**Student:** 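Pasting in a structure now, in structure tokens, and then I'll have a few things to ask.
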Amino acid sequence: MAEPGQTSSIEDQIRLREDKAQALRAAGAHPYGNGVEVPHTSGFLHARHDTDDGPALEAKLTEPYSIAGRVMAIRAMGKVSFISLRDRDGDLQVFVKKDKVPPADFERLKLLDLGDIAFARGRAMRTRTGELSIEAVEFRLLTKALRPLPEKWHGLSHIETRYRQRYVDLATNLEVRQIFKRRAKLITALRRFLDERDYVEVETPILHKPEEAGGAAARPFATHHNTLGLDLKLRIATELHLKRLIVGGLERVYEIGRIFRNEGVDRTHNPEFTSIELYQAYATHEDLMTLTEQLVSRLCVEVTGTAEAPYQGTMIDYRAPWPRLSMVGEVAKAFGLVGSLTEQLDALTRADFVSKAGDDKEARHKLSRAQSTGEKIAWAFEALVEPMLPRDRPCFVVDFPLEVSPLARKRDTEPRLVDRFEAFAGGFEIANAFSELNDPRDQEERFRAQVNKAASGDHEAMPYDRDFVRALEHGMPPTAGEGIGIDRLVMLLTDSPTIRDVLLFPLMKPLAEESVEDAVDSGPARLVDGEKH
RNA sequence: GGGAGCGUAGCUCAAUUGGCAGAGCAAUGGACUCUUAAUCCAUAGGUUGACGGUUCGAUUCCGUCCGCUCUCACCA
């Protein structure tokens with residue numbers, strides 16, 4: 001056991017806690033026992049008794065409550081201790097009085113550390129200072145924590161450790177729990193919204209054969225199935241399988257799921273992220289704009305309580321209707337054009353576009369590689385118009401060129417354009433939708449164009465999915481479909497600056513540590529686990 | 001990949017022109033029957049991210065590497 005004059009390095013602190021676990025065993029108390037019944041939570045007690053004052057609780061002589069949670073504070077006053085327990089709802093104080101608990105329970109408080117999981121039973125009361133507490137008639141340590149918690153006042157603020165050891169982040173920083181509760185609430189509300197509209201939730205393969213790995217412009221992760229000797233890709237979209245289900249007659253389907261794209265990491269991109277794609281037969285992209293306005297504004301209300309939510313200093317009003325901007329129109333406007341716009345934009349040279357891009361290196365670079373007017377328009381839009389989109393409102397961008405939309409339906413009145421929109425909010429894209437291309441011969445042509453792009457070095461071009469064309473040959477009803485980035489919606493509705501804040505375990509580079517073999521050889525992890533991350 | 005910044009005790013942070021690496025919390029021993037960042041007395045805790053270099057002497061200056069943040073590029 002502990003001796004005065006010993007060190008308090010992390011290794012020693014762990015060793016001391018292990019000694020305490022041993023002492024508990026010796027006293028007949030299992031430091032990792034189970035089978036405890038915990039019928040109540042801190043939230044339950046607060047909800048039931050926050051309005052009762054001390055005399056009221058005294059008069060009620062409440063039933064004994066049982067709660068359990070992590071020990072967040074121990075204030076020992078000799079024969080009285082105040083112990084804050086934190087459960088899934090929050091914190092509740094337990095008042096442990098020497099003459100109210102079994103002697104063994106009080107004796108074992110010496111073996112209790114911050115961070116341990118403990119159990120308390122007793123009636124509700126208020127302490128002299130008025131704090132709702134449980135007056136323990138039983139207090140037990142349930143689980144011995146071997147590592148200390150971060151500091152009580154500042155918590156854990158080191159960003160890297162917060163992401164790498166999210167369990168510590170969640171245990172100490174209550175606001176982090178709120179983000180992920182909101183995330184769950186958003187997804188639940190999203191399901192309810194679509195279920196109410198007679199959509200059916202489905203699951204399609206994540207492992208795609210190479211020719212299936214389309215549905216978006218992105219590079220996939222490659223993997224392999226051993227027994228079939230089959231190279232596979234992780235999906236970059238759910239689109240092509242969901243449309244097969246529309247052919248099959250399900251008519252309204254959606255899938256919420258993980259998407260994998262082998263690309264860089266930044267504020268709005270993580271290699272794996274969550275999307276929802278939804279497809280509705282006999283709907284058009286116009287119908288989906290209405291649906292999107294209803295959906296997002298309702299999610300905002302359900303998650304935050306109102307239809308407005310602040311994002312990074314700007315209040316965003318999600319109520320319908322959202323302003324609409326024409327991609328082609330805005331680019332033409334930038335060139336001072338009126339009339340039949342695409343033809344006039346055709347007449348512009350690459351140099352005209354590049355000159356408009358000004359100092360924007362990215363736009364200049366992309367424009368220099370663009371092979372069609374449509375691509376030039378799309379890049380010019382990104383460079384010239386996207387930065388000017390309204391900040392206090394979401395908005396729709398419409399009138400997309402055909403060349404950047406290989407799966408979207410041509411517009412009947414203007415075949416150079418497609419019936420497509422993207423929704424923007426907070427400075428980034430949150431949704432992409434279109435009336436689906438259901439003409440199998442047109443789809444073949446678009447796939448061929450993609451294959452040509454791939455041949456000329458475009459790593460993001462889609463493969464030619466023959467089975468998808470065959471599905472279309474069976475007849476897909478007129479359909480509209482939409483993809484929404486769940487993580488980005490959660491960012492908006494939790495005011496989170498980066499996607500990592502809304503992912504429980506964002507991808508991090510591994511730290512240089514000793515090999516697993518070394519760890520196994522040397523026994524307890526504390527000997528190889530560098531604390532300084 | 002380029003540029004800028006950061007990395008000090010378990011946690012949150014200090015350290016003067018290069019001169020013995022410090023504090024608060026947590027920990028350990030003790031006191032205390034109403035605390036809530038409890039208080040009081042005492043004690044202990046460091047490979048200053050790693051490896052080199054310059055120097056009598058490096059947390060500090062230089063180089064390489066690792067990780068993180070921001071940014072540009074790449075990438076929807």
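Worth knowing before you read on, the calculation uses all heavy atoms, side chains too, and leaves out hydrogens, waters and symmetry mates. All chains are named by letter (A, B, ...) in the order of the sequence lines, taking the proteins before the strands, and each is independently numbered beginning at 1. Model, not experiment: these values are computed from the prediction.
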**Student:** Looking at Arg75(A), I'd like to know whether one of its side-chain N or O atoms comes within less than 4.0 Å of OP1 or OP2 on A38(B).
**Tutor:**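 Arg75(A) to A38(B) OP1/OP2: side-chain N or O found under 4.0 Å.
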
**Student:** Determine which nucleotide pairs with A31(B), using a 3.5 Å limit on both distances of a Watson-Crick or G-U wobble pair.
**Tutor:**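 Answer to the pairing question: U39(B), which forms a Watson-Crick or G-U pair with A31(B).
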
**Student:** Any strand counts, and the cut-off is 3.5 Å on both contacts for Watson-Crick or G-U wobble. Which nucleotide pairs with U47(B)?
**Tutor:**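 Pairing partner: none.
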
**Student:** Distance check, C1' atoms only: C72(B) and A27(B), in whole angstrom units.
**Tutor:** 46 Å

**Student:** Looking at C70(B), A26(B), U69(B), which one has an atom nearest to any side-chain atom of Thr498(A)?
**Tutor:** C70(B)

**Student:** Would you measure the distance from the C1' atom in A21(B) across to the matching atom in U35(B) and give it in whole Å?
**Tutor:**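 To the nearest whole Å, 35 Å.
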
**Student:** Say we look at A15(B) and C61(B): how far apart would their P atoms be, to the nearest angstrom?
**Tutor:** 13 Å

**Student:** Using whole Å, what does the distance between atom C1' of nucleotide C74(B) and atom CD of Glu382(A) come to?
**Tutor:** 13 Å

**Student:** Report yes if at least one side-chain N or O of Lys79(A) is closer than 4.0 Å to OP1 or OP2 of C32(B); otherwise report no.
**Tutor:**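 Result: no.
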
**Student:** Indicate, with a heavy-atom threshold strictly under 4.0 Å, whether Ala76(A) touches base, sugar-phosphate, or nothing.
**Tutor:**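 Answer is base: heavy atoms of Ala76(A) come under 4.0 Å of a base.
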
**Student:** It should be established whether Arg267(A) places a side-chain nitrogen or oxygen under 4.0 Å from OP1 or OP2 of nucleotide U71(B).
**Tutor:** no

**Student:** Can you tell me how far P of U69(B) sits from CG of Asp501(A), to the nearest Å?
**Tutor:** 10 Å

**Student:** Name the nucleic acid region contacted by Arg162(A), choosing base, sugar-phosphate or nothing; use a 4.0 angstrom heavy-atom cut-off, strictly under.
**Tutor:**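 No contact at all - Arg162(A) keeps every heavy atom at 4.0 Å or more from the nucleic acid.
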
**Student:** Mind checking whether Phe139(A) and Leu109(A) have side chains closer than 4.5 Å, heavy atoms only?
**Tutor:** yes

**Student:** U35(B) base to Thr127(A) side chain: any donor-acceptor pair below 3.5 Å?
**Tutor:**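 Result: at least one qualifying N/O pair found.
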
**Student:** So, Glu422(A) and Arg420(A), do they make that salt bridge, N to O below 4.0 Å?
**Tutor:**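 Yes.
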
**Student:** Using atom CD of Glu11(A) as one end and atom P of A9(B) as the other, report the distance to the nearest whole Å.
**Tutor:**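 Going from CD in Glu11(A) over to P in A9(B) covers 12 Å.
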
**Student:** Calculate the interatomic distance between Ile83(A) atom CD1 and A38(B) atom C1'; express it in whole Å.
**Tutor:** 14 Å

**Student:** Using atom C1' of each nucleotide, how far apart are A38(B) and G24(B) to the nearest Å?
**Tutor:**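 Roughly 15 Å separates the two C1' atoms.
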
**Student:** Mapping Val265(A) and Phe273(A) to their closest nucleotides on RNA chain B, which lands nearer the 5' end?
**Tutor:** Val265(A)

**Student:** Find the partner of U17(B): check Watson-Crick (N1-N3 plus N6-O4 or O6-N4) and G-U wobble (N1-O2, O6-N3) distances, both under 3.5 Å, and reply none if neither fits.
**Tutor:** none

**Student:** With respect to the phosphate group of U35(B), does any side-chain polar atom (N or O) of Lys97(A) fall under 4.0 Å of OP1 or OP2?
**Tutor:**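 Lys97(A) to U35(B) OP1/OP2: no side-chain N or O under 4.0 Å.
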
**Student:** What nucleic acid atoms does Ala217(A) come within less than 4.0 Å of, heavy atoms only: base, sugar-phosphate, or nothing?
**Tutor:** sugar-phosphate

**Student:** Relative to the ring of Phe421(A), is the ring of Phe396(A) parallel (under 30°), tilted (30 to 60°) or perpendicular (over 60°)?
**Tutor:**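 Perpendicular: the ring planes of Phe396(A) and Phe421(A) meet at over 60°.
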
**Student:** Whom does G57(B) pair with, Watson-Crick or G-U wobble, provided both distances fall under 3.5 Å?
**Tutor:**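 No nucleotide pairs with G57(B).
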
**Student:** Nearest to the side chain of Arg164(A), heavy atoms from C-beta on, is which of U35(B), G10(B), G67(B)?
**Tutor:** G67(B)

**Student:** Where the side chain of Glu160(A) is defined as all heavy atoms beyond and including C-beta, which of C68(B), C11(B), A27(B) is the nearest nucleotide?
**Tutor:** C68(B)

**Student:** For Tyr163(A) and Asp169(A), test the side chains for any donor-to-acceptor distance below 3.5 angstrom and give the result as yes or no.
**Tutor:** no

**Student:** Of the nucleotides U12(B), C74(B), A37(B), which one has an atom closest to the side chain of Asp266(A)?
**Tutor:** C74(B)

**Student:** If we ignore angles and hydrogens, is there a donor and acceptor under 3.5 Å between the side chains of Arg75(A) and Gln93(A)?
**Tutor:**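 Yes, Gln93(A) and Arg75(A) have a side-chain donor paired with an acceptor closer than 3.5 Å.
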
**Student:** Pick the closest RNA chain B nucleotide for Phe95(A) and for Leu114(A) by heavy atoms, then say which residue is nearer the 5' end.
**Tutor:** Leu114(A)

**Student:** Quick one: Glu151(A) CD to A14(B) P, roughly how many Å, whole number?
**Tutor:** 14 Å

**Student:** Check salt bridge (Lys or Arg N to Asp or Glu O under 4.0 Å) between Arg391(A) and all other residues, then give those that pass, not counting sequence neighbours.
**Tutor:**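 If we apply the salt bridge (Lys or Arg N to Asp or Glu O under 4.0 Å) test to Arg391(A), skipping adjacent residues, there are no hits.
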
**Student:** Do Gln93(A) and U35(B) have a side chain to base donor-acceptor pair shorter than 3.5 Å?
**Tutor:**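 Answer is yes: a donor-acceptor pair is held.
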
**Student:** Would you measure the distance from the C1' atom in U28(B) across to the matching atom in G10(B) and give it in whole Å?
**Tutor:** 14 Å

**Student:** Tell me what Asp99(A) touches on the nucleic acid: a base, only sugar-phosphate, or nothing, going by heavy atoms under 4.0 Å.
**Tutor:** base

**Student:** Expressed as a whole number of angstroms, how long is the span from Leu132(A):CG to C34(B):C1'?
**Tutor:**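 Distance check: Leu132(A) CG to C34(B) C1' gives 15 Å.
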
**Student:** Between Phe95(A) and Phe82(A), does the ring centroid distance fall short of 6.0 Å?
**Tutor:** yes

**Student:** When you measure from the side-chain N and O atoms of Ser8(A) to the phosphate of U28(B), is any distance below 4.0 Å, counting only OP1 and OP2?
**Tutor:** no

**Student:** Return the pairing partner of C6(B) with a 3.5 Å limit on both distances, Watson-Crick or G-U wobble; otherwise return none.
**Tutor:**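 By the stated definition (distances under 3.5 Å), G67(B) pairs with C6(B).
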
**Student:** Just how far, in rounded Å, is C1' of C25(B) from CD1 of Ile10(A)?
**Tutor:**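 After rounding, the gap between these two atoms is 14 Å.
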
**Student:** Nearest-Å distance, CE (Met508(A)) to P (G67(B))?
**Tutor:** 11 Å

**Student:** With sequence neighbours excluded, tell me which residues meet side-chain contact (heavy atoms from CB on, under 4.5 Å) with His49(A).
**Tutor:** Asp52(A), Leu57(A), Lys60(A), Thr62(A), Tyr65(A), Ala124(A), Leu132(A)

**Student:** Of the candidate nucleotides C68(B), U35(B), U12(B), which contains the atom at the shortest distance from the side chain of Phe82(A)?
**Tutor:** U35(B)

